[in-house]
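Taking it in order: structure first as structure tokens, then the write-up.
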Amino acid sequence: QKLMDYLSLLRFIAPLALTDIIVDLGEQFLNAGIARSNDSVHTLAGFGLAYSLVKLFAGPLVEMKAVGLVQVVSNQARWAATQTLLACFGVSFFIFLLLSFSPLGYLAIEHFHKTGPEVGAVTHHAIMLLSFFPLLDGYALLHAGILLRHGRHAVVVAVASIADIVTQSVTVVALLAMRPSNVLFLPVAATYAGVLVRLAVCLVAHFRLVHKQLPSHPPPDTAPLTIKQVIKFVWPLALVQTAQRLSRPIVNLFVSRGKAGPAGVAVLTLTYPLAHLPYGWLNEIKPIVPAFCKQPKEATHFAGPIAKVSRFAVMCAAFSLTVLFSLFWTPAKTAILEHAIGAKPELAEGASVPLMIFTFFPFPVTTRAFFTSWTTALKRTEILAPSALCRLVALLTACLLYPHLGVDGAAMGVAALLTGFVTESSVVVFCFARMRWATRAERRQASEEEMGMTQLPSEQGAFSSSASSGRWALPRSARGQGYQPLRDREEDEGERDSEGEDGSEGDLGVRRKGTRTQETSFQ
């Protein structure tokens, strides 16, 4: 039975993890296609900068998958999420206009990034051309989250992402054969073609597999979803995503101004995509708890589905750690760098230590992904916001401190990234534990108040505490009148919370009956 449970989790995460790896490889193929075109240097630099700025200022649009995964329980909620998507896109589109046609864009691109006039012109043009990409991407992510929640159609979501990458690759090959006059048209057309195919697959799957199952309105005991609730849920996730996207540019800036200079940035550019492949897929742990615990009550206690997901996350981290050690702590590292990638010996030697440091990334990445997943299922994403700020502070501190300790170049950059990851995951764990403690205190106080309100007037103050047993001693006159010790009541509430709202077990839940414990399946 337990083996079947873990196999269900594996069937859920395997397509998503494979998709994450394919997406990383597809981005490299797109860059290679640009590099083979005329005027490739200016186009590659300008498009890369524009794409990163568009993703950075897209805001909540890049986190719409979590909204579909947690908040969309009816067609009314889907429409509210769509309205929020359009509102956020309006703000993002205004920022894109400023970056393309105002002096603010000149300060952000030419002045801050130190680009020349050729690269700056390409960047401004690319930002305007890519301005509608976040809207299409966010709408596709919203329906991907809905597919994961209702039916756990992870294979469909994976197929949509793979179709995106395949379409981009085919578009690049076709346009290279046509030799377009404007080289910038190649990556922009490939990006739009890919996201349109991914959106089409998600929409077709939604209307064929999920749409008829969604009720028109939420249950009578649930208030309709509003734009305010969606923004309150998604803005901490967007803040965390923004901090993560700012980390690499900050590291590149400090490395380029250090002793290693451009050589250090080149080593970072080589090592990051290579090291990200074995551990980047661990982020796909984030949708697991919301997908298997559709009601927040099912994720209240560390039992049943939560305990099984935590053990599964440890297994995933151990597997990733094993792969990283076998690749980057053995002679295979040299073979990969010099023969598979074709790096020069001096560049391969400089990448040795950074790759060894990357080996320890699965620990903080898995911890962050698991607690983010749990927090998302509980709809308490606001506790994630401090971790984003703490990550940036730790990253800046490390970049300033490590050079004085003799660590420089790409090794300093990767060590600073690891410091930011560890700090972020530690703050997430601390804030989550603090939230759990506060919740338990509130429930205990509410139980005591409820028990006090149900006491008979003549028996107020008749309860006495027993130090030896830890239970409340009831007066003889109160026995048999429906009173129940506080500790027993809390245990009963915990058992009921592990069940669904209708009294049945959750997907991975544990249901107690008398003194026997039955483990239920993920099926």
Side-chain angles (χ1 to χ4, degrees), residues 23-24 26-59 61-62 88-138 168 171-172 175-176 179-196 238 241-257 261-262 265-266 268-270 272-273 413:
V23 168
D24 287 342
E27 291 179 356
Q28 300 303 317
F29 185 85
L30 179 61
N31 293 336
I34 300 175
R36 287 180 172 85
S37 61
N38 298 325
D39 195 21
S40 60
V41 176
H42 294 158
T43 303
L44 187 60
F47 177 79
L49 179 57
Y51 187 80
S52 62
L53 289 175
V54 167
K55 296 287 284 187
L56 177 64
F57 290 106
L61 299 176
V62 298
C88 294
F89 170 71
V91 177
S92 299
F93 187 75
F94 179 72
I95 295 176
F96 298 151
L97 290 177
L98 293 179
L99 292 175
S100 300
F101 303 109
S102 73
L104 179 63
Y106 174 82
L107 291 176
I109 297 172
E110 281 86 352
H111 181 72
F112 182 76
H113 287 88
K114 304 293 182 182
T115 62
E118 297 86 358
V119 176
V122 172
T123 304
H124 290 297
H125 192 196
I127 289 176
M128 198 64 250
L129 292 176
L130 291 172
S131 58
F132 284 91
F133 170 76
L135 176 63
L136 301 174
D137 183 48
Q168 288 189 39
T171 305
V172 167
L175 291 180
L176 280 175
R179 299 183 181 276
S181 57
N182 188 355
V183 183
L184 182 61
F185 178 72
L186 190 152
V188 172
T191 301
Y192 274 109
V195 73
L196 285 173
Q241 187 66 237
T242 301
Q244 294 173 4
R245 294 188 181 278
L246 286 175
S247 297
R248 281 196 65 189
I250 292 174
V251 168
N252 289 339
L253 179 65
F254 277 92
V255 171
S256 64
R257 295 186 178 184
V265 179
L268 274 179
T269 305
L270 173 66
Y272 186 82

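Throughout, residue positions are numbered sequentially from 1 according to the sequence presented.
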| OG1 of Thr191 to CG of Leu129: how many Å apart, nearest 0.5 Å? | 10.5 Å

| said: As an exercise, state the distance from CG of Leu98 to CZ of Phe93, rounded to the nearest 0.5 Å. | reply: 11.0 Å

| query | Could you give the distance from CZ (Phe57) to CG (Leu99), rounded to the nearest 0.5 Å? | reply | 5.5 Å

| request: Measure the OH-CG distance between Tyr51 and Leu56 for me, rounded to the nearest 0.5 Å. | output: 12.5 Å

| query | Could you go step by step and tell me if Phe132 and Tyr192 meet the ring pair (Phe, Tyr, Trp, His ring centres under 6.0 Å) rule? | reply | CA-CA 9 Å; Phe132 284 91; Tyr192 274 109; 7.9 Å; no

| field | Minimum-distance pair of heavy atoms, taken over all atoms of Ala58 and Pro134 | value | CB-CB, 3.9 Å

| message | Under a 3.5 Å distance rule, please check whether His124 uses its side chain to pair with a backbone N or O of Phe101 as donor and acceptor. | response | no

| For the residue pair Leu130 and Val54, what are the closest heavy atoms and their distance? | O-CG1, 4.0 Å

| query | Going from OG on Ser102 to CD1 on Ile95, what distance comes out if it is rounded to the nearest 0.5 angstrom? | reply | 11.0 Å

| field | Ile127 vs Ile109 side-chain heavy atoms within contact, under 4.5 Å | value | yes

| Taking all atoms of both residues into account, what is the closest heavy-atom pair of Leu268 and Pro273, and its distance? | O-CD, 4.3 Å

| note | What one should report as the nearest heavy-atom pair of Gly413 and Val255 is CA-CG2, 4.0 Å

| message | So does Leu97 get a backbone contact from the side chain of Ser100, meaning a donor-acceptor N/O pair under 3.5 Å? | response | no

In a table with atom names and distances, give each donor-acceptor pair under 3.5 Å that connects a side chain of residues 183-190 to protein atoms at least two apart or in another chain.
none

| message | If the condition is side-chain hydrogen bond (donor to acceptor under 3.5 Å, both in side chains), which residues does His125 pass it with, not counting sequence neighbours? | response | none

| message | Measuring from atom CG of Leu61 to atom NZ of Lys55, what distance do you get when rounded to the nearest 0.5 angstrom? | response | 9.5 Å

